[in-house]
Amino acid sequence: MRRALTIIALVTTLFACGAGFWAVRAAALASFILPGATNVNVSWQTLGGLRITYHNAGAPFAWRDELGRRLSAAGWHGRGYPNVGAKRPPFVTVWYTHDMQLGFVVITERAVFGGDADDPTRVIVDVSRELHLSR
(Lines give C-alpha, C1' and ligand atoms only; values in the text may rest on other atoms or scores of the structure.)
Protein backbone atom coordinates (compact mmCIF):
# COMPACT_ATOMS: atom_id res chain seq x y z
CA MET A 1 0.00 0.00 0.00
CA ARG A 2 2.79 2.38 0.97
CA ARG A 3 4.61 1.61 -2.28
CA ALA A 4 1.51 2.38 -4.38
CA LEU A 5 1.01 5.69 -2.57
CA THR A 6 4.65 6.62 -3.16
CA ILE A 7 4.36 5.89 -6.88
CA ILE A 8 1.12 7.86 -7.13
CA ALA A 9 2.70 10.79 -5.25
CA LEU A 10 5.74 10.73 -7.56
CA VAL A 11 3.64 10.64 -10.74
CA THR A 12 1.39 13.41 -9.40
CA THR A 13 4.42 15.54 -8.54
CA LEU A 14 5.91 15.06 -12.02
CA PHE A 15 2.60 15.94 -13.64
CA ALA A 16 2.23 19.05 -11.47
CA CYS A 17 5.79 20.13 -12.31
CA GLY A 18 5.10 19.65 -16.00
CA ALA A 19 1.85 21.61 -15.81
CA GLY A 20 3.56 24.36 -13.86
CA PHE A 21 6.37 24.45 -16.38
CA TRP A 22 3.81 24.85 -19.20
CA ALA A 23 2.32 27.80 -17.34
CA VAL A 24 5.72 29.41 -16.79
CA ARG A 25 6.73 28.83 -20.40
CA ALA A 26 3.42 30.17 -21.75
CA ALA A 27 5.06 33.59 -21.90
CA ALA A 28 7.63 32.03 -24.24
CA LEU A 29 4.84 31.43 -26.77
CA ALA A 30 5.35 35.05 -27.71
CA SER A 31 8.54 33.94 -29.49
CA PHE A 32 6.32 32.06 -31.98
CA ILE A 33 4.21 35.13 -32.76
CA LEU A 34 5.90 37.58 -35.10
CA PRO A 35 5.47 41.36 -34.91
CA GLY A 36 2.51 42.57 -36.93
CA ALA A 37 0.55 39.34 -36.45
CA THR A 38 -3.22 39.59 -36.84
CA ASN A 39 -6.04 37.16 -36.04
CA VAL A 40 -3.90 35.32 -33.47
CA ASN A 41 -5.45 32.10 -32.19
CA VAL A 42 -3.85 29.73 -29.65
CA SER A 43 -5.65 26.46 -28.97
CA TRP A 44 -4.91 23.19 -27.19
CA GLN A 45 -4.67 20.28 -29.63
CA THR A 46 -3.64 17.62 -27.10
CA LEU A 47 -2.71 17.53 -23.42
CA GLY A 48 0.87 18.44 -24.35
CA GLY A 49 0.35 20.37 -27.58
CA LEU A 50 -0.77 23.78 -28.76
CA ARG A 51 -1.57 25.14 -32.18
CA ILE A 52 -0.81 28.79 -32.90
CA THR A 53 -2.28 30.36 -36.01
CA TYR A 54 -2.23 33.92 -37.28
CA HIS A 55 -1.71 36.05 -40.38
CA ASN A 56 1.52 37.89 -41.01
CA ALA A 57 1.96 40.54 -43.70
CA GLY A 58 4.93 40.43 -46.03
CA ALA A 59 6.29 38.36 -48.88
CA PRO A 60 4.75 34.90 -49.30
CA PHE A 61 6.16 32.51 -46.70
CA ALA A 62 8.76 35.11 -45.57
CA TRP A 63 7.53 34.48 -42.02
CA ARG A 64 9.18 31.03 -42.09
CA ASP A 65 12.68 32.51 -42.30
CA GLU A 66 11.99 35.06 -39.57
CA LEU A 67 10.46 32.47 -37.26
CA GLY A 68 13.40 30.15 -37.95
CA ARG A 69 15.89 32.90 -37.07
CA ARG A 70 14.08 33.59 -33.79
CA LEU A 71 14.03 29.94 -32.77
CA SER A 72 17.68 29.39 -33.73
CA ALA A 73 18.69 32.45 -31.71
CA ALA A 74 16.83 30.96 -28.72
CA GLY A 75 18.81 27.69 -28.96
CA TRP A 76 16.36 25.59 -30.97
CA HIS A 77 17.65 23.19 -33.63
CA GLY A 78 15.81 23.10 -36.95
CA ARG A 79 15.43 20.80 -39.87
CA GLY A 80 13.42 21.21 -43.08
CA TYR A 81 11.50 18.48 -44.83
CA PRO A 82 10.45 19.15 -48.44
CA ASN A 83 6.93 18.02 -49.16
CA VAL A 84 7.60 16.16 -52.40
CA GLY A 85 3.93 15.37 -52.97
CA ALA A 86 2.79 19.00 -52.64
CA LYS A 87 0.58 20.31 -55.42
CA ARG A 88 2.50 23.58 -55.55
CA PRO A 89 6.16 22.89 -54.77
CA PRO A 90 8.37 24.00 -53.19
CA PHE A 91 6.60 23.53 -49.89
CA VAL A 92 8.70 22.77 -46.83
CA THR A 93 7.70 21.66 -43.35
CA VAL A 94 10.17 22.82 -40.71
CA TRP A 95 10.66 20.99 -37.44
CA TYR A 96 12.49 22.64 -34.52
CA THR A 97 13.41 20.93 -31.26
CA HIS A 98 14.73 22.14 -27.93
CA ASP A 99 15.72 20.04 -24.90
CA MET A 100 15.87 21.25 -21.29
CA GLN A 101 17.39 19.21 -18.47
CA LEU A 102 15.74 19.60 -15.05
CA GLY A 103 17.49 17.19 -12.73
CA PHE A 104 16.67 13.68 -13.89
CA VAL A 105 13.89 14.92 -16.21
CA VAL A 106 14.37 16.08 -19.80
CA ILE A 107 11.70 18.26 -21.38
CA THR A 108 11.67 18.05 -25.16
CA GLU A 109 9.87 20.86 -26.96
CA ARG A 110 8.94 20.64 -30.63
CA ALA A 111 7.71 23.32 -32.97
CA VAL A 112 6.51 22.27 -36.42
CA PHE A 113 5.44 24.77 -39.04
CA GLY A 114 4.78 24.72 -42.74
CA GLY A 115 1.94 27.11 -43.34
CA ASP A 116 -0.96 27.00 -45.74
CA ALA A 117 -0.17 26.56 -49.45
CA ASP A 118 -3.41 28.39 -50.31
CA ASP A 119 -2.64 31.35 -48.03
CA PRO A 120 1.11 32.11 -47.80
CA THR A 121 0.55 34.77 -45.12
CA ARG A 122 -1.13 32.31 -42.73
CA VAL A 123 1.21 31.03 -40.05
CA ILE A 124 0.47 27.64 -38.47
CA VAL A 125 2.77 26.45 -35.67
CA ASP A 126 2.22 23.26 -33.67
CA VAL A 127 4.11 23.30 -30.36
CA SER A 128 4.38 20.24 -28.12
CA ARG A 129 6.25 19.20 -25.01
CA GLU A 130 7.15 15.77 -23.68
CA LEU A 131 8.74 14.71 -20.40
CA HIS A 132 11.41 12.01 -20.41
CA LEU A 133 13.65 10.59 -17.72
CA SER A 134 17.31 11.25 -18.51
CA ARG A 135 19.53 8.28 -19.12
Side-chain angles (χ1 to χ4, degrees):
M1 179 68 169
R2 182 180 268 179
R3 186 178 201 176
L5 288 175
T6 302
I7 291 171
I8 291 171
L10 180 61
V11 170
T12 302
T13 301
L14 285 174
F15 182 76
C17 288
F21 192 74
W22 256 117
V24 169
R25 294 280 294 172
L29 290 177
S31 62
F32 296 104
I33 301 172
L34 298 172
T38 59
N39 300 325
V40 177
N41 184 16
V42 179
S43 60
W44 288 97
Q45 297 297 301
T46 63
L47 182 60
L50 295 172
R51 174 167 280 180
I52 304 166
T53 60
Y54 57 93
H55 281 87
N56 195 57
F61 297 112
W63 57 267
R64 280 194 265 192
D65 292 335
E66 178 60 28
L67 193 53
R69 277 192 290 277
R70 283 177 153 218
L71 293 175
S72 293
W76 291 65
H77 304 285
R79 190 167 194 180
Y81 298 94
N83 187 349
V84 179
K87 293 179 183 175
R88 291 174 291 285
F91 194 76
V92 177
T93 299
V94 183
W95 183 311
Y96 278 83
T97 60
H98 184 256
D99 290 332
M100 291 175 287
Q101 181 89 31
L102 298 173
F104 62 90
V105 175
V106 176
I107 299 173
T108 300
E109 296 178 294
R110 291 185 181 86
V112 179
F113 52 90
D116 183 345
D118 293 323
D119 184 355
T121 63
R122 184 169 186 232
V123 180
I124 303 170
V125 182
D126 290 318
V127 182
S128 64
R129 291 196 181 118
E130 296 176 355
L131 295 174
H132 306 278
L133 296 177
S134 62
R135 296 177 193 181

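The side chain to side chain contact (heavy atoms under 4.5 Å, CB included) search around Ala57 returns none, not counting sequence neighbours. The side chain to side chain donor-acceptor pair (under 3.5 Å) test applied to Glu66 returns Arg69, not counting sequence neighbours. Residues passing the side chain to side chain donor-acceptor pair (under 3.5 Å) test with Thr108 are Asp99, sequence neighbours excluded. Among residues two or more places apart in sequence or in another chain, the side chain to side chain contact (heavy atoms under 4.5 Å, CB included) test is passed with His55 by Thr38, Asn39, Asp119, Thr121, Arg122. With sequence neighbours excluded, the residues forming a ring-ring contact (aromatic ring centres under 6.0 Å, His included) with Tyr96 are Phe113, listed by chain and number.
With rounding to the nearest 0.5 Å, the separation of NE2 in His98 from CG in Leu71 is 10.0 Å.
Of all the heavy atoms in Pro35 and Asn56, the pair that sits closest is O-OD1, 3.3 Å. Nearest heavy atoms, Arg110 versus Thr97: CG-CG2, 3.9 Å. Nearest approach of Val123 to Val125, heavy atoms of both residues: CG1-CG2, 3.8 Å. Summarising the geometry of Leu131 relative to Val105, their closest heavy-atom pair is CD2-CG1, 3.8 Å, with the distance given to 0.1 Å. In this structure, Leu67 and Ser31 approach most closely via the heavy-atom pair CD1-O, 3.7 Å.
Checking Tyr54, Trp63, Trp76 one by one against Phe32, the ring-ring contact (aromatic ring centres under 6.0 Å, His included) holds for a single residue, Trp76.
Note: the hydrophobic cluster containing Phe61 does not contain Ile124 (ILVMFWY, side chain heavy atoms under 4.5 Å, direct or indirect links). The hydrophobic clustering, which links ILVMFWY residues whose side-chain heavy atoms are closer than 4.5 Å, places Val106 and Phe104 apart.
Residue pairs meeting the salt bridge (Lys or Arg N to Asp or Glu O under 4.0 Å) criterion with at least one partner in residues 45-62, sequence neighbours excluded, are Arg51-Asp126.
Counting heavy atoms of neighbouring residues, nucleotides and ligands inside a 6.0 Å radius, atom NE2 of His77 does not exceed 12 of them.
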